[in-house]
**Student:** 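Questions regarding the structure given below will be posed in turn.
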Amino acid sequence: MPLELFNVGEPIADTKAPTDVPIGERWSERKFRGRLVNPANRRKLTIIVVGTGLAGGSAAATLGEAGYKVKSFWYQDSPRRAHSVAAQGGINAAKNYRNDGDSVHRLFYDTVKGGDFRSRENNVHRLAEVSVNIIDQCVAQGVPFAREYGGLLDNRSFGGTQVSRTFYARGQTGQQLLYGAYQALERQIAAGTVEQNARTEMLDLIVVDGRARGIVARDLVTGEISTHFADAVVIASGGYGNVFYLSTNAKGSNTTAIWRAHKRGAYFANPCYTQIHPTCIPVKGDYQSKLTLMSESLRNDGRVWVPKERGDDRDPREIPESDRDYYLERLYPSFGNLVPRDIASRQAKNVCDEGRGVGPGGLGVYLDFAEAIERLGRPAVEAKYGNLFDMYAQITGEDPYAVPMRIYPAVHYTMGGLWVDYDLQSTIPGMFVIGEANFSDHGANRLGASALMQGLADGYFVLPSTISSYLADGPFEKVDESHPAAVEALTGVQEQVQKLLSINGNRTPASFHREVGQLMWDLCGMERTDEGLRKAIDRIQEIRQEFWTNLKVTGDWHSFNQTLEHAGRVADFIELAELMCIDALHRRESCGGHFRAESQTPEGEALRDDENFAYVAAWEWTPEGQPPVLHREDLEYEYVHLAQRSYK
Amino acid sequence: MTATRHDAPMRSSVGNPGAEKRGMNLTLRIWRQQGPTVKGKMVTYKITDISPDMSFLEMLDVLNEQLIMQGDDPVAFDHDCREGICGMCGVMINGQAHGPQQTTTCQLHMRSFADGDTIDIEPWRATAFPIIKDLAVDRRALDRIIQSGGYISVPTGTAPEAHATPVPKADSDAAFDAATCIGCGACVAACPNASSMLFTAAKVTHLGLLPQGQPERNDRVVNMVAQQDREGFGGCTNIGECSAACPKGISMETISRLNHDLLGALRAGARPKS
């Protein structure tokens, strides 16, 4: 790799996991070896928590219960609106309630393998261990999980695993789990242990003597930019999938908190790992702001196809069987329409790239239930999938019982994030990162029903145990707004906001966001090539240049100004996009949802290169004009053996 | 697509290549209010070539892009997930909360309107929901109702094994029906009294139906009802507009349950915390 795009620095390692004991004992051992803070001293310690999704909400509530002084920040009006609320499928836990051979070890094994061997064994094992406590906690909070007639919890299988370990609340599991955490948080707000900061966005991290000591935040209603201080800072601000502009994420989801912490010294790990979900409703027009997921379960009965000939624009019902290509069934006779997410997504893209896609812009494939309706009868299909069919009809205005649905892959979840050690601490002492905002548990591909598990594991159980080890050295020397580091951070934010408002050019923040998003989707999305990524990096640099000279933001910063909010986030997305492309470029292997065209088997399947790339890429920010520095963390597989995936 | 103030010259259309259907021309009358203490007014905008496939919020996005380019202040409105679950969006459309369909504003599509329509767009109207700007209001009063008792007190790590407490499926399903409330505030906006009773009743019903919710059941209902009064929400007179407007179809039965629980709690001597 040419050194002009990045430099290589010292390797990095996680030193907190006690690897001198077997994997099943490491979490217990870490908790035992960690230091504690006595209840009287906890009152003297302040913790800032940014974000109130499953991770941030559960962490703030739990730390408040423990007696720490917590300051919670979120950008919506209410913590109940964090994007975890939108997750549908379920949450995994190794309860073995079905007596089907599940265990902590099996959940651990499935997750490491599903992540295509790019996650950490230690972290994943711990995740599997605490999964059982999560279900107990949520049930006690009143989360109405699906139940059997005998009153016990129901389960279903998910994401191709061979056991039924997924707990669910209809198609709204994320909503119910989030409300559990939100209610626990509101209870602590009422109890006075948690201070609430609604409609407040973190815009910088304050680092004093090498430690994270506070944040700069903007009150989105009054516009006031202020500093907030604590003994530790926890970032739980979610993923950055909105760098692609169109995604299944909430519109407000952004990268600003983690990106600005990255610029203050936190390493960013595996930024290019993006999960693409195969069954979304396709884009309809250039006004579109959002992609909506349809449950993967539809592929159990729906058959995926496109016309054999390009340009065949007949009504799908008039295309005879002989003119259809059921490409998944053709390419993967054993798994058929049920191949994993990354493979189904990539093949959909391939047939559309060949010009055989259907619907507006040729970006869609049919998901056809005609055969299922014929075989099972319409009432049976309605009973199984009725709510999804209704949702599809509501959004597209088409009747999926009469004509095949159209689906296309969409950006869904980012597996990369800030680098953390086993304690969930970043490379900045005192700054912890939890949930989707960190990187460690999912590897290069996330299995279904594991995102909710990770958010709650980190927030309820892991962070509250590990953060005490750090806080045992506190309280740290008092810092206030007059400290030079605080003044510098505050002034920097003010200057940036002022700059965004003063450019007065000819393009809106949304137009830049769309452009960089489209570029990322085309060149750093499901399939990447060396040439494409280099092109993307060049173009991103031009977009960045234009952004800072031709942006138009109306209004001022002393008031509610949504355009200004968006502009700041787009500025960060543009910088992140470049790092994502550099990361994707340097990783000359295919793994998980990341497919490098140069690295494939003779059959065209993803080819991992464990010899050269069995590591985490942790990137260090360097000042303007300098290339980022790559620090490698070697991944070792002691308990789950490296193996190639096959779905033929 | 063009958006113009009624007194400004029209711009030419830039088209909409992804749309399959012809564009619609609409007149929007939108409540503009700079801030909570500034007087607001309805302002008229013409917007052209709107695709029937757009969501209502995407139509507002198009308007706002035009306004920014004209150097005008875009219309402030709340939104986030845009898939009908976060409860952040919500405006009065032609006098109806979330508009003519029983769904969230983000899931309302322009095909619900006809070419040439005039559409009135206003913020939620309730004393307890102060206006922040234009169509965005402050709904934190709903969170304070939750703070007053809308939870089960179970600190992390103290929970018993999940299967130690079986819950009859029918109770669990009914609790779930109530638990789907997204806290959007449409019930308040639709109610002539600006009552938050459906919101509170949904939570009281959700937790009151489960065995885990029993120890705090009496205190929960008296405290939550007292808090809604303190917030300035109006009283419930069983009109039913709340349920008719609720995008999640929370039923009026939850209010009957709340009233039943409230009477029981008061008879049992439960009194709200001051």
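Quick note on labels: first sequence line is chain A, next is B, and so on, each numbered from 1.
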**Student:** If the test is side-chain contact (heavy atoms from CB on, under 4.5 Å), which one of A:Q137, A:Q183, A:R187 qualifies with B:V154?
**Tutor:**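 Of all the options given, the one that passes is A:Q137.
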
**Student:** Could you tell me whether B:K169 sits above the aromatic face of A:Y149, with NZ or CZ closer than 6.0 angstrom to the six-membered ring centre and within 45 degrees of the axis?
**Tutor:**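 Output yes; distance and angle both within limits.
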
**Student:** Is any side-chain heavy atom of A:K290 closer than 4.5 Å to a side-chain heavy atom of B:E83?
**Tutor:** yes

**Student:** Measure distances from A:E148 to the heavy atoms of chain B and classify the residue's part below 4.5 Å as side chain, backbone, both or neither.
**Tutor:**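 The answer is the backbone of A:E148.
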
**Student:** Check whether A:E65 gets within reach of chain B through its side chain, its backbone, both or neither, counting any heavy atom under 4.5 Å.
**Tutor:** side chain

**Student:** Mind ranking B:T180, B:D61, B:L210 by heavy-atom pairs under 4.5 Å with chain A and telling me who comes out on top?
**Tutor:**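 Option with the top pair count is B:T180.
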
**Student:** Pick one of side chain, backbone, both or neither for A:E565, based on which atoms fall under 4.5 Å of a heavy atom in chain B.
**Tutor:** neither

**Student:** Would a 4.5 Å heavy-atom cut-off, applied to side chains only, mark A:Y179 and B:H206 as touching?
**Tutor:**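 The answer is no; the side chains never approach within 4.5 Å.
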
**Student:** Count the heavy-atom pairs under 4.5 Å between each of B:E161, B:M59, B:H79 and chain A, then report the option with the highest count.
**Tutor:** B:E161

**Student:** Can you tell me which of B:P166, B:P155, B:A159, B:A175 forms the most heavy-atom pairs within a distance under 4.5 Å of chain A?
**Tutor:**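 That would be B:P155.
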
**Student:** Is the shortest side-chain N to carboxylate O distance from B:E65 to A:R514 below 4.0 Å?
**Tutor:**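 No.
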
**Student:** I would like to know whether A:Y287 and B:D53 meet side chain to side chain donor-acceptor pair (under 3.5 Å); could you show each step before the answer?
**Tutor:** CA-CA 10 Å; A:Y287 51 80; B:D53 293 322; 4.6 Å; no

**Student:** What part of A:Q188 is in contact with chain B, defined as an atom under 4.5 angstrom from a non-hydrogen atom: side chain, backbone, both or neither?
**Tutor:**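 For A:Q188, no heavy atom lies under 4.5 Å from chain B.
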
**Student:** Side chain, backbone, both or neither: which part of A:F145 has a non-hydrogen atom closer than 4.5 Å to chain B?
**Tutor:**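 Just its backbone gets close to chain B.
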
**Student:** Considering only heavy atoms, which portion of A:N133 lies under 4.5 Å from any heavy atom of chain B: side chain, backbone, both, or neither?
**Tutor:** neither

**Student:** Is the shortest side-chain heavy-atom distance between B:D173 and A:R170 below 4.5 Å?
**Tutor:**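 SC-SC contact between B:D173 and A:R170 confirmed.
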
**Student:** Any chance you could lay out the salt bridge (Lys or Arg N to Asp or Glu O under 4.0 Å) test for B:D78 and A:R199, step after step, and finish with the verdict?
**Tutor:** CA-CA 11 Å; B:D78 273 327; A:R199 291 194 193 260; 2.8 Å; yes

**Student:** Decide yes or no for B:R82 and A:S289: does some side-chain heavy atom of the first lie under 4.5 Å from some side-chain heavy atom of the second?
**Tutor:**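 Answer yes - side chains close enough.
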
**Student:** Which residue, A:R80, A:Q76, A:K251, forms the side-chain contact (heavy atoms from CB on, under 4.5 Å) with B:M88?
**Tutor:** A:Q76

